[in-house]
Amino acid sequence: MRTLTPQRIYILIGYAVASAALFSAPLFMSDFRLNLLAKFLAFAIVALGLDLIWGYTGILSLGHGVFFGLGAYAMAMYLKLEASGDRLPDFMGWSGLTQLPWFWKPFESFAFAAAMGIALPAVLALVLGYFTFRNRIRGVYFTILTQALVIITVTLFIGQQAFTGGTNGLTGFSSVLGVPLSSPDTKRMLYWITVIALLGAFVLCRYLVKSRFGKVLRAIRDGENRARFIGYNPAVYQMLVFSISAGLAGLAGMLFVLHVGIISPFMMAIVPSIEMVLWVAIGGRGTLIGAALGAILLNYAKSEFSTSYPDAWLFFLGALFVIVVVFLPKGAVGLFGRLKFPKRKGQKHEQVSHSAV
């Protein structure tokens with residue numbers, strides 16, 4: 001059993017306070033601010049998945065925008081079909097189609113769309129990981145491959161306008177499961193669902209990194225060859241964690257499209273993928289909570305700076321990035337690592353005993 005040290009007690013209290021604040025946000029926030037926060041919470045789920053593969057496994061992916069976009073498109077296809085009713089979606093008619101494509105028809109089911117929103121990114125990551133990690137492609141070479149995946153996917157989605165909406169993407173949604181998306185009650189319910197999804201994703205990632213699986217991931221990060229020499233197959237663990245990370249990104253994409261009401265190929269391009277990496281780096285890589293906070297706070301700062309200083313907000317955001325990278329190499333959460341917590345009576349004796357053992 002793990003002892004409840006003062007530091008652990010403070011952390012648990014912090015988690016409880018943060019969870020309570022998130023669940024009670026609809027009581028003191030306007031509908032606009034609540035919808036904005038819900039979008040940021042969806043981004044935090046992406047950051048958790050990215051931290052799982054980058055912070056704990058040492059694999060930098062610049063292609064998570066693709067997994068995010070696939071999840072968003074899966075949900076958007078269902079929403080578009082529900083909004084169109086018995087008619088063909090408008091952009092298909094403009095492109096000359098006369099009947100619904102065969103691969104669109106299963107997305108008339110919400111359950112199928114939700115399952116595909118997680119499964120498609122996870123399977124794509126598993127296939128990509130199979131061909132890269134088995135051939136020991138890692139480091140900058142893997143990062144370049146993920147960027148190539150982004151370029152290929154975005155080009156494909158833009159070129160297939162009759163099936164994907166092209167550069168305009170998919171929009172014009174009106175309801176989900178027959179409930180109007182514009183209703184304040186619906187927005188609050190979707191917000192709470194997003195909070196639950198974020199907490200569930202955090203608990204899952206926390207469990208993984210604290211388990212034996214997580215110890216192997218850190219061993220691979222710190223010395224892949226050493227992990228291989230002691231009997232582990234790093235490729236299997238890398239493929240699995242990459243697939244889990246992509247599935248979380250797909251989940252975030254589905255929630256994002258429910259809150260924002262639009263998804264386009266440009267939302268899964270290279271720039272959004274790089275921004276996702278910055279959320280993790282600035283919040284604190286290898287901490288989970290830092291990645292989530294980085295996504296929320298940086299997007300909030302981006303929103304506030306662009307509103308208050310429309311001509312200079314990019315300079316403020318750039319200065320924030322430079323300050324954190326130069327003075328806080330472990331991210332913003334690294335500041336808490338410098339705090340000194342009072343030791344419980346007898347704790348020093350326990351530590352000496354454990355060391356002796």
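For the numbers below, each heavy atom of this structure counts, side chains included, while hydrogens, waters and symmetry mates do not.
Contact detail for Ile220 and Pro234: the closest heavy-atom pair is CD1-CA, 3.7 Å. Nearest heavy atom pair, residue Tyr191 against residue Ala25, reads OH-CB, 3.3 Å. The two residues Val280 and Ala47 come nearest to each other via the heavy atoms CG2-O, 3.7 Å. For Leu100 against Pro89, the heavy-atom pair with the smallest separation is CD1-CD, 4.1 Å. Heavy-atom minimum distance, Ser245 versus Leu50: OG-N, 3.6 Å. The nearest pair of heavy atoms linking Thr132 to Leu145 is CG2-CD1, 3.5 Å.
At distances below 3.5 Å, not a single donor-acceptor pair connects side-chain atoms of Ser264 with backbone N or O atoms of Gly169. No donor-acceptor pair under 3.5 Å is formed between the side chain of Trp279 and the backbone N or O of Ala291. Remark: side-chain polar atoms of Thr167 are not paired, donor with acceptor, to backbone N or O of Pro265 under 3.5 angstrom. Between the Thr186 side chain and the Ser182 main chain, no donor and acceptor come within less than 3.5 Å of each other. Between the Tyr78 side chain and the Glu108 main chain, no donor and acceptor come within less than 3.5 Å of each other. A donor-acceptor contact shorter than 3.5 Å is absent between the side chain of Ser175 and the backbone of Ala83. Within the 3.5 Å criterion, the main-chain N or O of Leu81 finds no donor-acceptor partner in the side chain of Ser84. A donor-acceptor contact shorter than 3.5 Å is absent between the side chain of Ser243 and the backbone of Ala125. No donor-acceptor distance shorter than 3.5 angstrom exists from the side chain of Asn35 to the backbone of Asp31, with no hydrogens or angles considered. Of the possible donor and acceptor atoms, none in the side chain of Ser19 sits under 3.5 Å from a partner among the backbone N and O of Ala16.
Enclosure of atom CZ in Arg138 by more than 12 non-hydrogen atoms of other residues, nucleotides or ligands within 6.0 angstrom is indicated. Counting non-hydrogen atoms of neighbouring residues, nucleotides and ligands closer than 6.0 angstrom, the CE atom of Met189 reaches no more than 12 such neighbours. Within 6.0 Å of CZ on Phe213 lie more than 12 heavy atoms contributed by other residues, nucleotides or ligands. No more than 12 heavy atoms of other residues, nucleotides or ligands shown are found within 6.0 angstrom of OH on Tyr207. The number of heavy-atom neighbours closer than 6.0 Å to OH of Tyr300, taken from other residues, nucleotides and ligands shown, is 12 or below.
Aromatic ring centres of Phe133 and Tyr237 lie farther apart than the 6.0 Å criterion allows. Between Phe67 and Phe242, the ring centre distance stays below 6.0 Å.
Thr146 is not listed as a side-chain neighbour of His64, based on a closest heavy-atom distance of 4.5 Å or more. At least one side-chain heavy atom of Met268 sits under 4.5 Å from a side-chain heavy atom of Tyr73. No side-chain heavy atom of Leu52 sits under 4.5 Å from any side-chain heavy atom of Thr57.
In this structure, Phe142 is a member of the same hydrophobic cluster as Ile151, with clusters built from ILVMFWY side-chain heavy atoms closer than 4.5 Å. Transitive grouping of hydrophobic side chains (ILVMFWY, heavy atoms separated by less than 4.5 Å) keeps Val203 and Leu288 in distinct clusters.
In this structure, Arg134 forms a cation-pi arrangement with Tyr130, its terminal cationic atom sitting closer than 6.0 Å to the ring centre and no more than 45° off the ring axis.
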